[in-house]
Amino acid sequence: MIIDHISNRAFYYGLGENFRTALDYFALLSESKKELPENMEHDINLADGVSIRVRPMITKPAEQCRIESHEKEADIHFVPYGIEKIGYVPLEGLELEEANPEGDISFWYGQSEQLTLKSGFFMIAFPQDAHMPCGCGEEPAFLLKLIAKIRL
């Protein structure tokens, strides 16, 4: 798992061209202040093996969120607007709740450590990194989030 500011993206280009494509796209949005629709969830296909999910949302308390992981893809969670508390826990030692191999997502029982993603920050979650997105502090708040799905 990696957390960093989008301005430091070049440090992660060594992960591969698909990671670079997604991180550069996020940086372009940040630098250009391009407006993204704040009321519509949609997907963008950037390249073979790289898709972006645009997810405007209202954050939820941690107890309403689920711990998830993916086997065939890495996620890059990017917050262009708002603050997200995202849970993180190594996959090892968690108990499987539900698996959906066709959708490349599994849900897990367990406890996670809450990390904060502020505007301009990203988190890369690899298959061994269980994560719990969509969380917040005490009060629900608007969050604009982009998630890159990088095929491994």
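Throughout, residue positions are numbered sequentially from 1 according to the sequence presented.
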**Student:** Are L143 and M123 connected in a single hydrophobic cluster, I mean Ile/Leu/Val/Met/Phe/Trp/Tyr linked by side-chain heavy atoms less than 4.5 Å apart?
**Tutor:** yes
**Student:** Step by step, work out the side chain to side chain contact (heavy atoms under 4.5 Å, CB included) result for K118 and E84.
**Tutor:** CA-CA 7 Å; K118 296 180 181 179; E84 179 180 27; over 6 Å; no
**Student:** Just so I know, are the side chains of K145 and M57 near enough to count as touching, which here means a heavy-atom distance under 4.5 Å?
**Tutor:** yes
**Student:** Are Y81 and F26 co-members of a hydrophobic cluster defined by side-chain heavy atoms under 4.5 Å apart?
**Tutor:** yes
**Student:** Evaluate the ring planes of H5 and F121, with Trp represented by its six-membered ring, and classify them as parallel (under 30°), tilted (30 to 60°) or perpendicular (over 60°).
**Tutor:** perpendicular
**Student:** Could D48 and R151 be called an ion pair, given the rule that one side-chain N must be under 4.0 Å from one carboxylate O?
**Tutor:** yes
**Student:** Looking only at heavy atoms, which two atoms of D104 and E71 are closest? And how far apart?
**Tutor:** OD1-N, 2.8 Å
**Student:** In Å and rounded to the nearest 0.5 Å, what is the NZ to SG distance from K85 to C134?
**Tutor:** 15.0 Å
**Student:** Can you check whether S106 reaches E98 side chain to side chain, under 4.5 Å on heavy atoms?
**Tutor:** no
**Student:** How close do A130 and S69 get, counting heavy atoms only, and between which atoms?
**Tutor:** CA-CB, 4.3 Å
**Student:** Please name the pair of heavy atoms, one in D129 and one in M1, separated by the smallest distance, quoted to 0.1 Å.
**Tutor:** OD2-N, 2.9 Å
**Student:** Could you tell me which non-hydrogen atom of G110 sits nearest to which non-hydrogen atom of L94, and how far apart they are?
**Tutor:** CA-CD2, 3.8 Å
**Student:** Could you report the tightest heavy-atom contact between G49 and N18, atom names first, then the distance?
**Tutor:** O-ND2, 3.8 Å
**Student:** In Å, rounded to the nearest 0.5 Å, how long is the span from NZ of K149 to NZ of K72?
**Tutor:** 12.0 Å
**Student:** Quick check: do Y25 and I52 have side-chain heavy atoms less than 4.5 Å from each other?
**Tutor:** yes
**Student:** Going by heavy atoms in the side chains, are I124 and L15 under 4.5 Å from each other?
**Tutor:** yes
**Student:** Transitively linked via ILVMFWY side-chain contacts under 4.5 Å: I150 with L91?
**Tutor:** no
**Student:** Fit a plane to each ring of H77 and H131, take the angle between them on a 0 to 90° scale, and name the class: parallel (under 30°), tilted (30 to 60°) or perpendicular (over 60°).
**Tutor:** perpendicular
**Student:** Among F19, F122, F126, which one satisfies ring-ring contact (aromatic ring centres under 6.0 Å, His included) with Y12?
**Tutor:** F122
**Student:** Hey, are the side chains of H70 and P127 touching, using non-hydrogen atoms and a 4.5 Å cut-off?
**Tutor:** no
**Student:** Is any side-chain heavy atom of D75 closer than 4.5 Å to one of E68?
**Tutor:** yes
**Student:** Is there a donor-acceptor contact under 3.5 Å from the side chain of N100 to the main chain of I105?
**Tutor:** no
**Student:** For a side chain to side chain contact (heavy atoms under 4.5 Å, CB included) check, start with the C-alpha distance between D24 and R9, then their side-chain angles and the critical distance, and finish with the verdict.
**Tutor:** CA-CA 8 Å; D24 283 349; R9 68 191 178 281; 2.9 Å; yes
**Student:** Could you tell me whether the side chain of I147 reaches within less than 4.5 Å of the side chain of V54, counting heavy atoms only?
**Tutor:** no
**Student:** Calculate, to the nearest 0.5 Å, the distance between atoms CG and CG belonging to L29 and L146 respectively.
**Tutor:** 6.5 Å
**Student:** Please report the shortest heavy-atom distance between I67 and V89, naming the atom on each side.
**Tutor:** CG2-CG1, 4.2 Å
**Student:** Distance-only, no hydrogens or angles: does the S51 side chain make a donor-acceptor pair with backbone N or O of I44 under 3.5 Å?
**Tutor:** no
**Student:** If hydrophobic clusters are built by linking Ile, Leu, Val, Met, Phe, Trp and Tyr wherever their side-chain heavy atoms come under 4.5 Å apart, do L23 and F78 end up in the same one?
**Tutor:** yes
**Student:** With a 4.5 Å cut-off on side-chain heavy-atom distances among I, L, V, M, F, W and Y, is there a chain of contacts connecting Y88 to W108?
**Tutor:** no
**Student:** Quick one: are E113 and L115 in side-chain contact, heavy atoms under 4.5 Å?
**Tutor:** yes
**Student:** Between R66 and E97, is there a salt bridge with N-O shorter than 4.0 Å?
**Tutor:** yes
